[in-house]
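Inspection log for the structure reproduced underneath, given as structure tokens.
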Number of protein chains: 2
Amino acid sequence: MTKKAMKGGDAAKTADFAPQESAGYLVRDAHRAFQRLIEKRIAPFGVTRGQWYFLRVLWTKDGISQRELSESVGMMEPTTVIALQSMEKAGLVRRERSAEDKRKAQVWLTPKAKKLKARLLPVARHITMQAREDVTQAEFELFRDVILRMTRNLDKYRR
Amino acid sequence: MTKKAMKGGDAAKTADFAPQESAGYLVRDAHRAFQRLIEKRIAPFGVTRGQWYFLRVLWTKDGISQRELSESVGMMEPTTVIALQSMEKAGLVRRERSAEDKRKAQVWLTPKAKKLKARLLPVARHITMQAREDVTQAEFELFRDVILRMTRNLDKYRR
DNA sequence: CAATATTACTTAGAAATCTACCTAAATGGA
DNA sequence: TCCATTTAGGTAGATTTCTAAGTAATATTG
């Protein structure tokens, strides 16, 4: 793309701690690359990426409570509320107050959402495959191991 | 978790593509862990993480145009506009229309922002160190290599 | 049993980030 | 020269995500 600026390479050193070398920067960049591609590929199905993460969990566990769902997806509960509102409006889920415990809301996929599974899971697989194109299984496993450890480390210091 | 059994078997194929195994999920999770921690650590200095990314670039190249800045930071231009507005309001930058080309706006750090460098860079280093706590240099390098390749792959299919 | 704590969900508000346009300035070809 | 194109920046509007604080239902305990 744009390699015009930067000729000598002298500036690279002065920047102690160049962003490009930092784990956070690498992760953020990769994250946005995934986001962009996912969004583009699922938009034709009328699904946003916020909905996508929830669908992926609901396809495997239907009828769970919002709290469980939040945990499975790894989102805070207000995020779940907002996602579910949009999913309800889009006809992807139905919410029902639990009879035994009226605090709880059970979340159910609609037939429409269930049908989407067969169309959307291949999209996910395809993106993953494209990302991993030239990455061997061994490399990927080490990558996974490292990124999981880093995530856990950060969560540990979360306070 | 539940990943003990099953190694190279058929389960990997038929399993409903567990999110936890997918590169996108791993990256997204790590990304949010970084975000949360950065945000917490820089908030006491009155800096948001949106401003943070721009500061890091401006500390090494002051006086560049908004477009250059967008590229360096890796953000779309409207994002840069919004970040700079908040930074101007916070007294971190000053913008000046270029005399030679009145379309261009040069972005300059204020003394306040320059002073923050000495306080904030250590924060970045510390987070990186905590993330990499139990990760060897060799592991990290492989991680970086893999995540960079994946990012590049995804960008390639971006269309 | 009433007061209190906990749990499940919700609301409010802010921030980061994108896509799609829009305006103004500079540039370049006919 | 003049009009079309390109370039720099900006607006509008949407989505995702968070923290902080609220409300209602249930559980606990003195």
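Per chain, numbering begins at 1; letters A, B, ... match sequence-line order. It should be emphasised that the depicted structure is a prediction, and the values quoted were computed from it without experimental measurement.
Here the C1' atom of nucleotide D/dT16 and the CD atom of B/Glu39 are 13 Å apart, to the nearest Å. Atom CG of A/Leu55 is separated from atom P of D/dT16 by 11 Å (rounded to the nearest Å). Protein atom NZ of B/Lys102 is 11 Å distant from nucleotide atom C1' of C/dA24, rounded to whole Å. At whole-Å resolution of the value, CG in A/Leu84 and P in D/dT15 are 15 Å apart. Residue A/Leu37 contributes atom CG, which lies 16 Å from atom C1' of C/dT19 at whole-angstrom precision. Rounded to whole angstrom, the span from the CD1 atom of A/Ile64 across to the P atom of C/dA8 amounts to 13 Å. If you measure from atom CE of B/Met75 to atom C1' of C/dA16, you get 7 Å, rounded to the nearest angstrom. Going from atom CZ of B/Arg103 over to atom P of D/dG10 covers 13 Å, rounded to whole Å.
At the heavy-atom level, B/Glu77 lies under 4.0 Å from base atoms of the strands shown. The residue A/Glu100 sits close only to the backbone: its heavy atoms come under 4.0 Å of sugar-phosphate atoms, none of a base.
The nearest heavy atom of DNA chain D to B/Asp101 and to B/Gln85 marks one nucleotide each, and the one closer to the 5' end goes with B/Asp101. Both A/Glu68 and B/Gln35 lie near DNA chain C, and the one whose nearest nucleotide falls closer to the 5' end is A/Glu68. Heavy-atom distances to DNA chain D give each of A/His31 and B/Arg95 a nearest nucleotide, and the one nearer the 5′ end belongs to B/Arg95.
An OP1 or OP2 oxygen of D/dT16 is reached within less than 4.0 angstrom by a side-chain nitrogen or oxygen of A/Thr48. Considering only side-chain N and O atoms, B/Arg32 lies under 4.0 angstrom from the phosphate OP1 or OP2 of D/dC18. At least one side-chain nitrogen or oxygen of A/Thr79 sits closer than 4.0 Å to the OP1 or OP2 atom of D/dC18.
The one candidate from A/Arg97, A/Arg103, A/Lys104 that meets the side chain to side chain donor-acceptor pair (under 3.5 Å) condition with A/Asp101 is A/Arg103.
Ring pair B/Trp59/B/Trp52 is perpendicular by interplanar angle, where above 60° counts as perpendicular and below 30° as parallel.
The pair A/Glu77-A/Arg67 meets the salt-bridge criterion, with a side-chain N (NZ, NE, NH1 or NH2) lying under 4.0 Å from an Asp/Glu carboxylate O. Using a 4.0 Å cut-off between charged nitrogen and carboxylate oxygen, A/Lys156 and B/Glu133 count as a salt-bridge pair.
The A/Ser65 side chain lies nearest to C/dC9 when the options are D/dG9, D/dT17, C/dC9. The side chain of B/Lys104 lies closest to D/dG9, out of D/dT16, D/dG9, D/dT19. Set against C/dA8, D/dA8, C/dA12, the side chain of B/Arg67 has D/dA8 as its closest nucleotide.
Within the cation-pi definition used here (under 6.0 Å to the ring centroid, within 45° of the axis), A/Arg149 does not qualify as a partner of B/Phe143.
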